[in-house]
Amino acid sequence: MTKKKYLILGGGPSGLTLANKLLDKGEEDFLLIEKEDRAGGLCRTEYVGSNPVDIGGGHILDVRSERVCEYMFRFLPREKWNSFDRDSKIWFKDQFMGSPFESHIWQLPVEDQVRYIKSVAIAGCNLGTPKPEKFVDWIRWKLGDEIAENYMLPYNRKMFTSNLDSLGTYWLEKLPDVSFEDTLMSCLERRFYGKHPGHARFYYPDKEGYGDAFLAMQERLGDRYLGGVRVTSLDVENRIVNGEFTADNIIVTIPWTDIKEYKGLEDGYLDDMGRLKYSGIRVDYHLEKLPFETGAHWIYYPQESYAYHRILVLYNFSPKSTGYWTETNLERVDLLEGKADLSYKNTYAYPHNTLDKPRIMKDLLARMEKDGVIGLGRWGEWQHYNSDVVMEKAMDLAEKLA
Ligand SMILES: Cc1cc2nc3c(=O)[nH]c(=O)nc-3n(C[C@H](O)[C@H](O)[C@H](O)COP(=O)(O)OP(=O)(O)OC[C@H]3O[C@@H](n4cnc5c(N)ncnc54)[C@H](O)[C@@H]3O)c2cc1C
């Protein structure tokens, strides 16, 4: 049995940051176990020729956390990154409009603007009706029926799941909060009003992919990174993984649902884990340029007729690259046409914010901590965290542990 002080499960941004921060603190008695040889998780990069392809979909570094940016620049120096002001578009009614939708209605024909504004004006939030608990109802309550039916619901069905009914609303602070007044003003003045969505300003490497910084984090760990080992069992009470590895603390950044066998865990928690939902995406990279001109970094496609929900225009933020890639929910890949130059399937892409998830995760994390097993990151906490957020969380945990 290999015995360590800390065992980290998963070599994505959470696990890698925790491991590197432990090293910074002089803590060397740990092992990181990862199923892939190459680290990076959803942020990993593969290459087609000299073109980086982020296999987990579009990945950019938000500028907001200085602490995280400085940490990333240790592994891929600052001069190797370019910064951009976000340019994202929505393909709608045979034209490109800006995002978020509710701040760019002014780009639609006038008769559509009137219809959308009327619909926002009588949305529940503007009439003072109580906030609903379900995502599908909240979208109508917040943005009105027109935006809900023509953009938000179809787009979210394509991205997350065809069955949106189980999703709650507690996570919607991620969406930009644009008021009715902002929407109206933007139509009157024909310009953007309201709050910018996340990633308003971001970094992307000049030549490399986002994942190259994480590979450098893996390298620094040396043989404290053990790749090619899939975690299949966890004995919670005795803190034993795969019957082979044990530690004083186990930090879980892999999906709880990917661990096939648990020992020493009461049935109720196993039933709860069975209720955690997620969805996957496939990323398809095409070496050629798009058949139309655009300066956008990425484009959203709410229409059913397109299998994918988003195109990442790589050559608009990675200047030495030629191609683009699409993101398609695994439920919809059969609808894809044509052959890509590289395809990558991610079974775990989006943790679902179901109505019962906050209760399930609160109970599960509290139960695990009693035995020294800690959940961290997108899957360990089952949250829609971006990589900058999970890195901050890993840094905080390293402080606490060391
Ligand atoms: C389409 C898409 C776009 C995104 N865009 C951005 C963006 O632009 N900017 C941004 O900051 N964030 C973005 N994110 C979020 C980002 O991917 C996550 O925040 C980040 O990857 C979370 O890191 P993590 O280490 O918690 O999880 P992961 O990256 O998922 O890492 C988990 C690791 O665990 C390993 N693993 C899983 N199961 C096992 C097992 N049984 N045994 C051993 N190892 C296992 C996996 O191989 C993986 O390496 C995006 C996510 C998606 C899906």
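Both ligands and their constituent atoms are indexed starting at 1 by order of listing. Because only heavy atoms are used, hydrogens play no part in the values below, and waters and symmetry mates are left out as well, while side chains stay in.
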- Message: Polar contacts were defined as any N/O atom of the residue lying under 3.5 Å from an N/O atom of the ligand; does this apply to Arg310 and ligand 1?
- Response: no
* N/O of Ser387 under 3.5 Å from N/O of ligand 1, yes or no? -> yes
Heavy-atom proximity to atom 14 (N) of ligand 1 ranks first, among His59, Lys393, Glu36, for His59
Aromatic centroids of His104 and Phe192 separated by under 6.0 Å | yes
One should read off an interatomic distance between Tyr151 OH and Gln303 CD, to the nearest 0.5 angstrom, of 10.0 Å
- Task: Looking only at distances, please establish whether an N/O atom of ligand 1 is found under 3.5 Å from an N/O atom of Pro255.
- Result: no
So NZ of Lys357 and CD of Glu381: to nearest 0.5 Å the spacing works out to 9.5 Å
the protein heavy atom lying closest to atom 42 (N) of ligand 1 turns out to be Val231 N, 2.8 Å
Looking at Trp379, Tyr350, Trp256, the heavy atom closest to atom 30 (O) of ligand 1 belongs to Trp379
For atom 36 (N) of ligand 1, the closest protein heavy atom turns out to be Ile254 CG2, 3.4 Å
Note to self: Tell me whether the rings of Trp325 and Tyr285 are parallel (<30°), tilted (30 to 60°) or perpendicular (>60°).
What the structure shows: tilted
Margin query: Can you classify the ring geometry of Phe101 versus Tyr116 as parallel (below 30°), tilted (30 to 60°) or perpendicular (above 60°)?
Written below: tilted
Practice task
Determine whether any heavy atom of Ile60 lies closer than 4.0 Å to an atom of ligand 1.
Solution key: yes
Hits for salt bridge (Lys or Arg N to Asp or Glu O under 4.0 Å) against Arg67, two or more places apart or cross-chain, chain-then-number order -> Glu392, Asp396
Among Asp388, Asp258, Asn346, the residue with a heavy atom nearest to atom 40 (C) of ligand 1 is Asp258
Subject >> Any Asp62 heavy atom less than 4.0 Å from ligand 1 >> reply: no
Would you call the rings of Tyr306 and Tyr308 parallel, tilted or perpendicular, where under 30° means parallel and over 60° means perpendicular?
-> tilted
(request) Give a yes or no on whether the ring-centroid distance for Trp81 and Tyr204 is below 6.0 angstrom. (result) no
Of Ile147, Leu188, Val178, the one forming a side chain to side chain contact (heavy atoms under 4.5 Å, CB included) with Thr183 is Val178
task = Can you label the angle between the Phe84 ring and the Phe317 ring as parallel, tilted or perpendicular, going by 30° and 60°?
result = perpendicular
- May I ask you to check whether Phe202 and Tyr210 place their ring centers less than 6.0 Å from one another? no
request  = Could you say whether the N/O atoms of Gly57 and ligand 1 ever approach to under 3.5 Å?
outcome  = no
For Lys3, does the NZ atom have more than 12 heavy-atom neighbours from other residues, nucleotides or ligands under 6.0 Å away? yes
Taking only non-hydrogen atoms of Gly41 and a 4.0 Å limit, the atoms of ligand 1 in range are 29 (O), 31 (O), 48 (C), 49 (O)
Report task. Look at the side chain of Asp54 and the backbone N and O of Gly209, then say whether any donor-acceptor pair between them is shorter than 3.5 Å. Result -> no
Query - Any N or O of Ile281 closer than 3.5 Å to N or O of ligand 1 - result: no
Closest to atom 19 (O) of ligand 1 among protein heavy atoms sits Tyr385 O, 2.6 Å
* Asked: Would Trp106 and Tyr193 count as a close aromatic pair, with their ring centres under 6.0 Å?
  -> no
In ligand 1, the atoms that come under 4.0 Å of a heavy atom of His199 are 7 (C), 8 (O), 9 (N)
Within the 4.0 Å heavy-atom cut-off, what Val390 brings close to ligand 1 is side chain
Next on the checklist: Does any N or O of ligand 1 fall below 3.5 Å from an N or O anywhere on Pro13, backbone included?
Outcome noted: yes
Item to complete: Flag Thr253 as yes when one of its N or O atoms lies below 3.5 Å from any N or O atom of ligand 1, and as no otherwise.
Response: no
In this structure, atom 13 (C) of ligand 1 is nearest to the protein heavy atom Asn386 OD1, 3.1 Å
So is Arg44 touching ligand 1 or not, going by heavy atoms under 4.0 Å? no
min-distance protein heavy atom vs atom 28 (P) of ligand 1 -> Leu42 N, 3.9 Å
Problem set entry | Aromatic ring proximity Phe160/His384, centre distance under 6.0 Å | yes
heavy-atom search around atom 3 (C) of ligand 1 in the protein gives Gly58 O, 3.3 Å
Atom 47 (O) of ligand 1 sits nearest the protein heavy atom Glu34 OE2, 2.7 Å
A student checking ligand 1 against Gly11 at a 4.0 Å heavy-atom cut-off should list atoms 33 (C), 49 (O)
Short version for Phe202: what comes under 4.0 Å of ligand 1, heavy atoms counted, is neither
Note to self: Parallel, tilted or perpendicular: which one describes the rings of Trp141 and Trp138, with boundaries at 30° and 60°?
What the structure shows: tilted
With respect to Lys35, determine whether any N or O atom, backbone or side chain, lies less than 3.5 Å from an N or O atom of ligand 1.
yes
Atoms of ligand 1 under 4.0 Å from any heavy atom of Gly56, numbered from 1 in the order shown, are 1 (C), 2 (C), 52 (C), 53 (C)
- Query: Is Val229 in contact with ligand 1, taking contact as a heavy-atom separation below 4.0 Å?
  - Reply: yes
To atom 24 (P) of ligand 1, the nearest of Gly377, Gly10, Gly12, Ser14 on a heavy-atom basis is Ser14
Residue, atom and distance of the protein heavy atom nearest atom 53 (C) of ligand 1 read Ala349 O, 3.5 Å
Worksheet item: Take atom CD in Glu133; do more than 12 heavy atoms of anything else shown fall under 6.0 Å from it?
Response: no
